[in-house]
Structure formats: structure tokens, C-alpha cells
2 protein chains.
Amino acid sequence: MEKIKITIVDDHLLFSQSLSFLIGSFKEFTVIGNYNNGKEFISSFSENTEKPDIVLLDVNMPIMDGHETIKWLKENNPELKVLALSVNDDEDTIMKMITNGAKGYLLKDTHPNTFKEALMEVYNKGFYYSEMVSGFLINKLGNNENKITLKDREVEFIRLACSEKTYREIADGMCLSPKTIDGYRENLFQKLEIKTRIGLVLYAIKHKIVCI
Amino acid sequence: MEKIKITIVDDHLLFSQSLSFLIGSFKEFTVIGNYNNGKEFISSFSENTEKPDIVLLDVNMPIMDGHETIKWLKENNPELKVLALSVNDDEDTIMKMITNGAKGYLLKDTHPNTFKEALMEVYNKGFYYSEMVSGFLINKLGNNENKITLKDREVEFIRLACSEKTYREIADGMCLSPKTIDGYRENLFQKLEIKTRIGLVLYAIKHKIVCI
DNA sequence: CCATACAAGGGGAAATATACCCTTTTTTTA
DNA sequence: TAAAAAAAGGGTATATTTCCCCTTGTATGG
């Protein structure tokens, strides 16, 4: 029987190499590629290399992360089945990957047996949704009214607010009057249901608007 | 030849199980134990199980993390050689593990060959310090005057400051007068070279005093 | 063409945070 | 045991943030 071909894209060498051994121990699968980040992976497409049946894609990577990579794949190789694999269990990240076309989302603390099952399901049924992901999906469909969108200018403001600058300095930095900044802030406070600049900083970090 | 015995303590099942396969491929080593967190690991000591030659210890774990675990080991099984293994490359974390007795600190993006070399060195020489860790050590020895230590009460204050509470509310929460809180804040501002509460929040998150 | 929304800018007042000046009591430590 | 350091509290002044209500120009869709 032909083995199911898998490519791993993950910057943690020790993990990806080890995982290759684990997958190698499953008789149905074989690892045909190992890349350190999205950039390396998509570069391999210019050469006419063998296409994998499943791509195991890490979300947090340097150079080109999972989000960018899956977007590129959606554009250029939409037939590839991507299974996201991350330590990250926050709803935003998961939904972003799923909506960009990931066929499943696995946490790195998954049991090897579940992992194998997920690989089989993605190959056979085309997708694998764990309970956690399904939960998020249902939750999302239930109340998709209050989805929060931030304008570019607002994001810029939030980034500057995550510093020891005063609002006056932020206004200068954005070439706006302090009163306009006042407006931005009050808008955001209402929109994000927060009361203080501290809340804004916490929100920004939690939602990865700024990285510290 | 007797194989060198290794125990893995890591909450990421997929990683620890995969790593077992990788280690299994080295003829000099064998994995004799696999635990999800420090608690599970130290519980195994009450039973008279076989002691490993090297413990591979993850830093970030639920229930009982690497820091707590290595402290316990230092007290109760100081002869055990611990090699810390983490994705975390910030100086604070690394130094904390090293000063608590870790024989080395490896990042999870280490190459398998380096990993094997590290295992050999820890077994034979008793320690393995990568360039990065050595760099931090030298840097630390050069200027160990300005080491910042936070008192328990200060840490408690910082945690509460990382919220939308006002200082008055924080004072109530800590059963102190708002003026005492004032003192705490001013002390910290000077000690941490910051000027605003925002700075305090950023410091706290950067140094993992709070987790969000 | 009008209505509506929205970005930019603003006034003033109240609440909160910051800075710098202290005292008293307890605990450490030399 | 005396000096030093830490913990707790206080007063007052200023700066910053927060809140509420307002105007003007400019798109933008019906």
C-alpha cells in the first residue's frame, strides 16, 4: 500500500524531527518534508517536489508564520490539506486558521493516538475537528453579531498606548490633536468594554495587537 | 553496554512521546519514564521506581511547572541531573533554572544532533551550557549589582495593578491604606526605572509576574 | 439631493494617578 | 543594643485620565 505523505512545517527542530520518528512508527504514514518556517516551505514549491497529502503547520514561527503560510497556500495551492498544530489554544488564533482553510487544529498536548486518528480523518474525510474547535465554532455561529473590527488608525493608537507615552505624546506621534486621541480612546473603551488604559493594554496583549 | 536512562517531564504529549522515539533512535540512551507535569513526576518517587540518569524537564507546565519541580528536586533528590528544555529563551527564566541547579538549558528548536551531544555531555561532564546560556552567565557575572528582587507583597501589588482596578480598590484588596499602596508604587517606579502604571503592567507581563 | 454616518476637533469638570514632602512602628542586622 | 532598613501611613500639589456634551466638514448610500 502507498503510504500517506506528510510534510511538517515547524521551527522547533527537536519537535519536528521527533515527530517524524513518531509518524514513522505509524505504518500508514511517511514524512516527506521538514521545513523550519513558511518561507522555506513555500520556496520548495518552485522546485517540482513531491506534494504531500497533509501539511502539519505550526502557527507560531519566525520569518513566516502559520497565518501567512496558510493564506499563501489558499491562494496558490488550495488543494493541499493543512492540519494546524500549535500550543496556542486561544479562540482568535484557532478561528483565524480554520477560516483560512485549515482542515483541523490540534494542540501539541494531544495524545499520539488522537493525533494519528486526526491524520486518518483529515486524509479520509477531509477534516478533523476536536471538541474544543467544534465548541468554538458553535459559539461563534451563535453570536456573530458582535464581532469587533479595529480600524488601522485605531490599531496604531493602541500600539502607542501600550507604552509609557502620555496621550499628548501619542497625539504628537500620530499628528493628531490630543482631543482626537480622546475620541479614539473613548470609542475603544466602549467598543472593547473596558474602562481604563490598563484594560486597553491588557486587551492589546491578549489579542496580540502588540507583542512584548 | 548499559543504556543511559532518561525521564521526560513535559505536558505536551505529542512532543514528549515523539521525543521518546527520537531518543530511542540513539543507541546510547533509553527513555524510562514520561510524565505530564512536575506533580506526576515527583509522585513517582514515593514508589521505589528506577531513578533516571538524566531528567528532561520542561519549564512551562500546568499543575507544577519546571521551576517548582527543580526546587523540589534540589531539596529531595539533589543527585539527579536535570536538563531544562523549553521554548522560552528569556534570560530570567533561564537564569532561574540554572541557579536552581539545572545542568543545562536547551531550546526546543535545537537540532537533534546538538540535543544528543547535550545529553552526552550532561551524562559525562555533568553539565552542558550552550553559547546562549554562557553568554547570559557572563553578562550576569559582569554586573550582578543591579539585580532586582521583588518582595512578596510587591508582587501581589503588581498582579493587582495589572487590572482595571483603581489604586483605592487595590488597597482594599490588600487590606492596606491607599497611601501605603502609593509607597509601593513609587518604590517600584524607581526600582524598575518606569514612570507610569502602564510601564508596570508591561514590565509584569514581560517578566511573567502575571500571565494573561 | 438628503440623510446618515463618521472622522477630526473641542470645552469643561470630575476622578484618578503621580510626585515630593513627611512621621511612626516594626524588623533586621552589624 | 544601637543603627539601619523596611513597612505602613499621611498631606498637598500637579499632571493625567476619564467622562459627558458639542461643532464642523466630508463621504456615502438610498
Side-chain angles (χ1 to χ4, degrees), chain A residues 143-207 209-210 212, chain B residues 71 92 96 99 143-207 209-210 212:
Chain A
N143 52 349
N144 56 352
E145 293 314 308
N146 47 12
K147 59 168 174 265
I148 290 160
T149 48
L150 297 173
K151 287 171 273 252
D152 287 353
R153 209 71 173 145
E154 283 178 331
V155 170
E156 199 180 337
F157 163 69
I158 291 176
R159 281 193 225 277
L160 290 168
C162 292
S163 73
E164 295 204 298
K165 284 179 176 59
T166 64
Y167 285 131
R168 181 167 303 277
E169 289 170 326
I170 293 173
D172 290 347
M174 291 177 72
C175 299
L176 292 174
S177 128
K179 293 310 281 188
T180 306
I181 290 298
D182 253 38
Y184 278 33
R185 182 191 57 232
E186 285 171 40
N187 248 316
L188 284 168
F189 279 10
Q190 205 193 330
K191 194 147 71 172
L192 307 178
E193 295 178 79
I194 53 180
K195 290 188 302 291
T196 67
R197 183 165 163 183
I198 305 292
L200 187 62
V201 172
L202 296 174
Y203 178 91
I205 294 167
K206 201 174 299 178
H207 293 79
I209 294 165
V210 291
I212 58 163
Chain B
K71 267 184 211 159
D92 284 357
K96 208 166 155 189
T99 52
N143 53 349
N144 58 351
E145 293 314 308
N146 47 12
K147 60 168 177 265
I148 291 161
T149 47
L150 296 173
K151 286 168 273 242
D152 287 354
R153 208 69 175 150
E154 283 179 331
V155 170
E156 199 179 337
F157 164 68
I158 291 176
R159 280 194 225 276
L160 290 167
C162 292
S163 75
E164 296 204 297
K165 285 181 178 59
T166 65
Y167 286 132
R168 181 168 303 278
E169 289 170 326
I170 293 172
D172 289 348
M174 291 178 70
C175 298
L176 293 174
S177 128
K179 296 307 291 184
T180 305
I181 291 297
D182 254 37
Y184 278 30
R185 182 193 57 232
E186 285 171 40
N187 248 316
L188 284 168
F189 279 11
Q190 204 193 331
K191 192 148 73 173
L192 306 178
E193 296 178 77
I194 52 179
K195 290 190 301 294
T196 67
R197 183 165 162 182
I198 305 293
L200 187 63
V201 172
L202 296 173
Y203 177 92
I205 294 167
K206 200 173 301 176
H207 292 80
I209 294 163
V210 291
I212 57 163

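A, B, ... follow the sequence lines: proteins, then strands. Residue 1 opens every chain.
Between Y184(A) and dG9(C) there is no side-chain polar atom (N or O) within less than 4.0 angstrom of OP1 or OP2. A close approach under 4.0 Å does not occur between any side-chain nitrogen or oxygen of T196(B) and OP1 or OP2 of dT16(D). A close approach under 4.0 Å does occur between a side-chain nitrogen or oxygen of Y167(B) and OP1 or OP2 of dT18(C). When the side-chain nitrogen and oxygen atoms of T166(A) are compared with OP1 and OP2 of dT16(D), none of them lie within a distance under 4.0 Å.
Rounded to a whole Å, the CE atom of M174(A) is 12 Å from the C1' atom of dA8(C). L200(B) has its CG atom 12 Å from the P atom of dA19(C), to the nearest Å. Rounded to whole Å, the distance from CD1 on I194(A) to C1' on dT17(D) is 13 Å. One interatomic measurement links the two molecules: CG of N187(B) to C1' of dA8(D), which rounds to 12 Å at whole-angstrom precision. A straight line from CZ of R153(A) to C1' of dA7(C) spans 11 Å, rounded to a whole angstrom. For the pair F157(B) CZ and dA17(C) P, the interatomic distance rounds to 10 Å; values are reported in whole Å. Across the protein-nucleic acid pair, F189(B) atom CZ and dA17(C) atom P stand 10 Å apart, rounded to whole Å. Remark: P of dA15(C) and NZ of K195(A) are 16 Å apart, rounded to the nearest angstrom.
Listed nucleotides dG9(C), dC19(D), dG9(D) differ in distance to T180(A); the shortest reach to its side chain belongs to dG9(C). Of the candidates dT18(C), dC20(C), dG10(C), the closest approach to any side-chain atom of E186(B) belongs to dC20(C).
P178(A) and R168(A) get closest at one heavy-atom pair: CG-NH1, 3.9 Å.
When each of K179(A) and L176(B) is assigned the nucleotide of DNA chain D bearing its nearest heavy atom, the one mapping closer to the 5' terminus is L176(B). Residue order along DNA chain D, read from the 5' end via each residue's closest nucleotide, puts K151(B) first among D182(B) and K151(B).
The only member of R185(A), R159(A), K191(A) that meets salt bridge (charged side-chain N to carboxylate O under 4.0 Å, His left out) when paired with E154(A) is K191(A).
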Checklist entry - Step by step, would you call F157(A) with L188(A) a side chain to side chain contact (heavy atoms under 4.5 Å, CB included)? => result CA-CA 10 Å; F157(A) 163 69; L188(A) 284 168; 3.4 Å; yes
Checklist entry - I170(A) and Y184(A): side chain to side chain contact (heavy atoms under 4.5 Å, CB included), yes or no, with the steps? => result CA-CA 11 Å; I170(A) 293 173; Y184(A) 278 33; over 6 Å; no
Next on the checklist: For T166(A) and T196(B): C-alpha separation, side-chain torsions, deciding distance, then whether side chain to side chain contact (heavy atoms under 4.5 Å, CB included) applies.
Outcome noted: CA-CA 9 Å; T166(A) 64; T196(B) 67; over 6 Å; no
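In summary, R153(A) and E156(A) engage in a salt bridge, as defined by a charged side-chain N under 4.0 Å from a carboxylate O.
When heavy atoms are screened at a 4.0 angstrom cut-off, R197(A) is found touching the sugar-phosphate backbone but no base atom.
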Item to check | Where protein sits on nucleotides 23-30 of chain C, one letter per nucleotide: B base, S sugar-phosphate only, - none, heavy atoms under 4.0 Å | outcome: --------
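Summarising the geometry, atom CG belonging to N187(A) is positioned 11.5 Å from atom CG belonging to D182(A); distances are rounded to the nearest 0.5 Å.
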